[in-house]
Trainee: 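Sharing a structure below in structure tokens format, with a few things to ask.
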Number of protein chains: 2
Amino acid sequence: MSDLNNRRLEIDALRAIWAIRHHGGITRAAEALGLSQSAVSHKIKRLETSLGCELLNRRAGATAFTTAGEELLDYAGRILGLHDEALLSLSKTALAGRIALGLTEDTTCSALAHILGRFRRLHPDVTVRTQVRMSLVLRAMLEQGELDAAIVQVFAHEVRPTDVILFRETLHWVKHPSLILPNGASVPFLSFHDDCFYRHWALDIGQDGGIMLETVFECASAAGIVAAVSSGMGVALLNERHLRPDMQIINDHFPVPPDLVYVVRRGRKVRNAALDTLVAEIESEISRYGGLALAS
Amino acid sequence: MSDLNNRRLEIDALRAIWAIRHHGGITRAAEALGLSQSAVSHKIKRLETSLGCELLNRRAGATAFTTAGEELLDYAGRILGLHDEALLSLSKTALAGRIALGLTEDTTCSALAHILGRFRRLHPDVTVRTQVRMSLVLRAMLEQGELDAAIVQVFAHEVRPTDVILFRETLHWVKHPSLILPNGASVPFLSFHDDCFYRHWALDIGQDGGIMLETVFECASAAGIVAAVSSGMGVALLNERHLRPDMQIINDHFPVPPDLVYVVRRGRKVRNAALDTLVAEIESEISRYGGLALAS
DNA sequence: ATGCCGTCATCGAAATTTGTCATGTGCCTG
DNA sequence: CAGGCACATGACAAATTTCGATGACGGCAT
């Protein structure tokens, strides 16, 4: 441990351990930060020697934080929050107006909440009205001019040049191992709510893929679908982040599901300086961390 | 301005602008930080170009902060506060016990308050009882074992090896220009309260220096003395930080006042781990900023 | 067991950042 | 108007940071 007074926590190092936490591993974090793996490894090493304690329990595959690591992580989050807000605050211009924003339920508990809160603080003269709906509904509202922008899920091939990509998700057909699919018979399907837009894709493949789906379960929340899959009630289309160890990914016979993308999509209105700024802040957050942290 | 995402506020740079504020100028700040003047100048320059805005209105003599500078300063204070607390938190050991601490009124509104607050947060099992008295009283309480430690003012030549020096102060004889001192006659003296320990020094010089002081005004607070001097009521002994532009420093005929030092002085009790830590934190804060920031 | 794969540590070289010294500039004061 | 003070600037040296390559280690499947 170097002299008590000369020690300091580099902002970059804090961002590194934050990224390690949220991407689960040094290699992934390095990728997200746009650095080499060795650079991040070194950064943490330096941090550790300067603090005189271990931060990570290194192990290939599963990098875990020590108690000290978790503690630092907490401070890192707060310091980075202030730091980023300071940066924004210094480059801000006085904004006023109102923004009508749409979100999906999934994204409400992501870093977006922080971005929105901070935006409020930095631009008190901008009114942000937020509505939470499903992607299909939000897209319709955008079309009709009811929203200025929305965070929606779309198929990867539907992304428009003006969309801001938040992160990608892979969709999988899953089932519980105990569920055996009989050949030829119709497949029990665990479905999201009517308005879930990739449910439509799933039901359409009945025509093309030679697979007959029969909806045996409907639920608006992912938690419900997850439970139904685990209990062996049928097959479902689930995001990678909803997969559980006891689930089995189906690769054969089923058509490969399209990739999904979360995007910020703007409405038709042309000029809105406040919205420009908000979107820019979201973009900046993404490029800094290589994607948004999303609770799974 | 570099790319929005790659910008970052170095902790050291933040500490630099903080030091500039609290020492009034780059040169002084550099000294306090243990760096060269050009290093600090460079640091700020880099900070400015990375932010794309001016932080300081440079001028010889009076370095003023711009609006952006003031804004950053606010964030800097908060970020540094968190940063330093994180650092301490990671090197802390579980402490318990109680500390009886004495302070002078002057030091209550300095950075000490922050240090004490932080100490409370980091070591909730340590009870800190603080009493505010004048230096002479505190020294007596230390002797009698009523305090574990105290922040007191002493003459520079009285500093003990075990004292921790917080900062030095120069004492001056001052008067208002309108006050003419007649030769031979007794000098009207504006005095602190009975217990002010350098009042004793002032009155004693009647014997040695051939100067006869006559106390015409007594007041416990510096503000009262300052007002009395400004109104031309007499001469007084004042700290540098209490000097006002309309005051005149008296150099001739009066004996040179001894320098003063604020120190942390510990009581007689030998072992107290909690106190050790608190004193270490104070020392660390001092060496980091080259002295304590004290409201004048 | 054995070999493969993914993850991380470590090393030397290259690139970047940071600090120092020496010097230049502008401003205030006597 | 000279001298001093406070800050800026440029060149160079030192330290730090990054990268690419390589090696070590553990998990996993054969």
Side-chain angles (χ1 to χ4, degrees), chain A residues 2-3 5-17 19-51 53-66 69 240 245 248-249 251 290, chain B residues 2-3 5-17 19-51 53-66 69 177 240 245 248-249 251 288 290:
Chain A
S2 59
D3 188 11
N5 326 105
N6 284 356
R7 293 184 309 169
R8 92 206 104 133
L9 305 170
E10 291 288 340
I11 290 291
D12 284 352
L14 296 182
R15 216 182 282 290
I17 90 162
I20 290 174
R21 149 61 98 228
H22 286 275
H23 294 283
I26 293 185
T27 306
R28 232 94 38 94
E31 197 177 342
L33 293 169
L35 291 173
S36 71
Q37 170 265 319
S38 65
V40 176
S41 180
H42 256 144
K43 251 185 218 303
I44 304 302
K45 191 80 190 167
R46 280 194 296 267
L47 197 54
E48 284 181 329
T49 54
S50 112
L51 287 171
C53 64
E54 302 262 295
L55 259 25
L56 300 176
N57 278 323
R58 269 92 164 167
R59 208 169 321 154
T63 301
F65 282 78
T66 63
E240 204 130 26
Q248 192 178 34
I249 296 182
N251 289 313
Chain B
S2 58
D3 189 12
N5 326 106
N6 282 357
R7 293 183 309 169
R8 93 205 100 136
L9 305 171
E10 291 290 337
I11 290 291
D12 284 352
L14 296 182
R15 218 182 280 289
I17 91 162
I20 289 174
R21 149 62 98 229
H22 287 275
H23 293 284
I26 294 186
T27 306
R28 234 93 40 93
E31 199 177 340
L33 294 169
L35 290 174
S36 71
Q37 170 263 319
S38 63
V40 176
S41 184
H42 270 145
K43 247 187 219 306
I44 304 301
K45 192 80 190 165
R46 280 193 295 267
L47 194 55
E48 284 182 329
T49 55
S50 113
L51 287 172
C53 63
E54 302 263 293
L55 258 26
L56 300 175
N57 276 325
R58 270 92 162 171
R59 209 170 320 157
T63 300
F65 282 79
T66 64
E240 204 129 30
Q248 194 179 32
I249 297 182
N251 290 311
R288 213 201 290 285

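As a basis for the values below, the full set of heavy atoms in this structure was taken, side chains included, without hydrogen atoms, waters or symmetry mates. Naming: A, B, ... by sequence-line order, numbering from 1 per chain.
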Trainee: My understanding is that only residues two or more places apart in sequence, or in another chain, count here; which of them pass salt bridge (charged side-chain N to carboxylate O under 4.0 Å, His left out) with B/Glu54?
Mentor: none

Trainee: Measure all distances between protein nitrogen or oxygen atoms and nitrogen or oxygen atoms of nucleotides 15-18 of chain D, and list the pairs falling under 3.5 Å.
Mentor:
| residue | atom | partner | partner atom | Å |
| --- | --- | --- | --- | --- |
| D/dT17 | OP2 | A/Arg46 | NE | 3.1 |
| D/dT18 | OP1 | A/Lys43 | NZ | 3.0 |
| D/dT18 | OP2 | A/Lys43 | NZ | 3.0 |
| D/dT18 | OP2 | A/Arg46 | NH2 | 3.2 |

Trainee: In whole angstrom, what separates A/Ile44's CD1 from C/dT7's C1'?
Mentor: 15 Å

Trainee: Residues in side chain to side chain donor-acceptor pair (under 3.5 Å) with A/Gln248, at least two apart?
Mentor: A/Lys175

Trainee: Between C/dC8 atom P and A/Ile20 atom CD1, what is the distance in whole Å?
Mentor: 8 Å

Trainee: B/Gln37 CD to D/dT9 P: how many Å, rounded?
Mentor: 11 Å

Trainee: What pairs with A/Ala29 under side-chain contact (heavy atoms from CB on, under 4.5 Å), at least two apart in sequence or on another chain?
Mentor: A/Ala19, A/Ile20

Trainee: Quick one, A/Leu56 and A/Phe65 - any side-chain contact, counting heavy atoms below 4.5 Å?
Mentor: yes

Trainee: Please determine if a side-chain N or O atom of A/Arg28 lies less than 4.0 Å away from the OP1 or OP2 oxygen of C/dG6.
Mentor: no

Trainee: Which residues pass the side chain to side chain donor-acceptor pair (under 3.5 Å) test with B/Gln37, sequence neighbours left out?
Mentor: none

Trainee: What residues form a side chain to side chain donor-acceptor pair (under 3.5 Å) with B/Ser38, not counting sequence neighbours?
Mentor: B/Ser36

Trainee: CG of B/Leu33 versus P of C/dT20: gap in Å, rounded?
Mentor: 11 Å

Trainee: Would you classify B/Ser41 as touching base, sugar-phosphate or nothing, given that sugar-phosphate means primed atoms plus P, OP1 and OP2, and contacts are heavy atoms under 4.0 Å?
Mentor: base

Trainee: Using whole Å, what does the distance between atom P of nucleotide D/dG26 and atom CG of A/Asn57 come to?
Mentor: 13 Å

Trainee: Calculate the interatomic distance between B/Glu31 atom CD and D/dC7 atom C1'; express it in whole Å.
Mentor: 15 Å

Trainee: From NE2 of A/His23 over to P of C/dG6, roughly how many Å is that when rounded to an integer?
Mentor: 20 Å

